[in-house]
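Right, one structure below, let's go through it.
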Amino acid sequence: MGIGNKKNHETSYLKERWQNRSEIVPPDIEDFTSQFNEREFLLKEIETFASENKVPILLPSAARFLQIICRTKQPEEVLEIGTGIGYSTLSMLFALNGRSRITSVDFNGERVQIAKEFIQKSGFFVNLIYDDAFNVISNFIAEGKQFDFIFVDSMKSEYIFMNFKIQTLLKNNGIAVFDNVLFRGYVCGRYPEKYRRSVKLLKTFLKHVKEYPGFTASIIPVGDGLLILERKG
Ligand SMILES: C[S@@+](CC[C@H](N)C(=O)[O-])C[C@H]1O[C@@H](n2cnc3c(N)ncnc32)[C@H](O)[C@@H]1O
């Protein structure tokens, strides 16, 4: 690669980071699959909004995987931690034809407002909660509430503190999915020094998850790495 090419590569790399490209799936493959996989116009509109406004959303390939789980599982009650601007929420709802009740939580007021607008456009209903997920989770546990499907897409370094709580909130045969568990591949090898704490917390989280009885844990290298927890019946 010549110097000119290298510069272009670096520029496009930075742009890609804000286009929510994964570091574990090469961008050309993410592009190819993204073009292959048909999806609703509203989802494409959110992808464009995210890219233009530098807002993180789930990668389209990971969203597709989530949709397949939802269509197969047909959960009645869904909990989402990390609404963002509603991309994953609406991906699930489109897959479920709006038939499930989704509760989605985020503590970023600006994003919740944007999510509200996109959700309104879809015509679906979502129980959107603007609060810290830890409050919401504690309240649900106190009420004895449980879900068939839980999608966690908040801060990677927080997963370790949510871990056993999420298991408690899962019904028998329920499924929980955590995004970003491979953290650009950093949990598998070398990582920049500034991410030492996050990588350590994520690795400890993954170790704990494997040791927790009554669950099957799988890591799937889609998006930025999805952890799938299945609660045995
Ligand atoms: C990657 S974004 C979510 C993207 C979203 N799932 C989508 O695909 O559109 C992560 C979100 O988690 C939220 N978040 C992180 N920690 C949280 C917490 N403790 N409570 C509530 N929201 C949290 C952030 O505000 C952010 O909007």
Side-chain angles (χ1 to χ4, degrees), residues 16-24 30 34 37 39-40 42-70 78-96 102-122 124 126-141 147 149-166 169 176-184 197-198 201-202 205 222-227:
E16 281 159 9
R17 287 289 309 281
W18 280 116
Q19 284 174 341
N20 294 289
R21 301 296 179 85
S22 161
E23 261 89 347
I24 63 168
E30 186 64 36
S34 180
N37 295 337
R39 56 201 176 282
E40 286 73 14
L42 185 56
L43 292 180
K44 289 187 179 168
E45 196 183 323
I46 304 176
E47 288 163 23
T48 307
F49 179 95
S51 169
E52 286 174 358
N53 294 278
K54 302 179 173 36
V55 185
I57 59 167
L58 191 62
L59 275 164
S61 56
R64 188 58 152 221
F65 193 72
L66 208 57
Q67 288 189 311
I68 294 168
I69 298 179
C70 283
V78 178
L79 173 63
E80 178 180 55
I81 308 291
T83 318
I85 57 171
Y87 181 69
S88 44
T89 325
L90 283 171
S91 295
M92 290 190 277
L93 273 168
F94 276 123
L96 293 161
I102 300 193
T103 297
S104 188
V105 186
D106 205 298
F107 62 12
N108 181 320
E110 205 180 318
R111 289 190 189 161
V112 168
Q113 186 50 43
I114 297 165
K116 220 178 244 178
E117 287 164 26
F118 282 128
I119 291 164
Q120 217 158 25
K121 252 186 174 180
S122 75
F124 292 133
V126 174
N127 178 25
L128 260 185
I129 303 179
Y130 167 43
D131 197 353
D132 190 316
F134 286 94
N135 293 335
V136 177
I137 288 171
S138 301
N139 290 341
F140 281 152
I141 290 176
F147 298 84
F149 185 67
I150 302 178
F151 176 54
V152 187
D153 187 15
S154 55
M155 257 184 278
K156 296 172 271 293
S157 49
E158 287 180 344
Y159 288 178
I160 189 164
F161 307 110
M162 281 182 190
N163 184 20
F164 303 130
K165 300 185 172 83
I166 295 294
L169 286 176
V177 176
F178 290 75
D179 188 31
N180 304 110
V181 299
L182 290 179
F183 191 11
R184 307 175 192 164
R197 182 174 177 273
S198 303
L201 288 171
L202 252 182
F205 162 69
V222 171
D224 195 24
L226 296 178
L227 170 75

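Whatever order the structure lists them in is the order used to number ligands and atoms, beginning at 1.
For ligand 1, the atoms closer than 4.0 angstrom to any heavy atom of N108 are 25 (O). Residue-ligand proximity, R111 to ligand 1, at heavy-atom distances under 4.0 Å covers atoms 26 (C), 27 (O). Residue-ligand proximity, A133 to ligand 1, at heavy-atom distances under 4.0 Å covers atoms 18 (C), 19 (N), 20 (N), 21 (C). Using a 4.0 Å cut-off to heavy atoms of G86, the atoms of ligand 1 that qualify are 9 (O). Short contacts between ligand 1 and E158, defined as distances under 4.0 Å to a heavy atom of the residue, involve ligand atoms 16 (N), 17 (C), 18 (C), 19 (N). The distance from ligand 1 to the heavy atoms of D131 drops below 4.0 Å at these ligand atoms: 20 (N), 21 (C).
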Determine, step by step, whether I129 and T83 satisfy the side-chain contact (heavy atoms from CB on, under 4.5 Å) criterion, reporting the C-alpha distance in whole Å, the side-chain angles of both residues, the deciding distance to 0.1 Å, and the verdict. CA-CA 9 Å; I129 303 179; T83 318; over 6 Å; no
side-chain contact (heavy atoms from CB on, under 4.5 Å) between Y87 and V55, worked out: CA-CA 11 Å; Y87 181 69; V55 185; over 6 Å; no
Trace of the side-chain contact (heavy atoms from CB on, under 4.5 Å) decision for L43 with Q67: CA-CA 12 Å; L43 292 180; Q67 288 189 311; 4.2 Å; yes
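Of the protein's non-hydrogen atoms, F107 N, 3.2 Å is the one closest to atom 21 (C) of ligand 1.
On a distance-only criterion, F134 and ligand 1 share no N/O pair closer than 3.5 Å. Between V105 and ligand 1, not a single N/O pair is under 3.5 Å apart. At a 3.5 angstrom cut-off on N or O pairs, S88 counts as close to ligand 1. At under 3.5 Å, a nitrogen or oxygen of L58, whether backbone or side chain, sits near a nitrogen or oxygen of ligand 1.
Nearest heavy-atom pair across A133 and V105 is CA-CG1, 3.9 Å.
A heavy-atom separation below 4.0 Å is not found between V136 and ligand 1. Note on ligand 1: N180 sits outside its first shell, no heavy atom being nearer than 4.0 Å.
Taking all heavy atoms of V55, I85, D132 into account, the minimum distance to atom 19 (N) of ligand 1 is reached by D132. Among V152, I129, D106, I114, the residue whose heavy atom lies nearest to atom 27 (O) of ligand 1 is D106.
Partners of F49 according to the ring-ring contact (aromatic ring centres under 6.0 Å, His included) rule, which considers only residues two or more places apart in sequence or in another chain, are F118. Taking S34 as the reference, R39, P60 meet the side-chain contact (heavy atoms from CB on, under 4.5 Å) condition, with sequence neighbours excluded.
No part of I46 comes within 4.0 Å of ligand 1, judged by heavy-atom distances.
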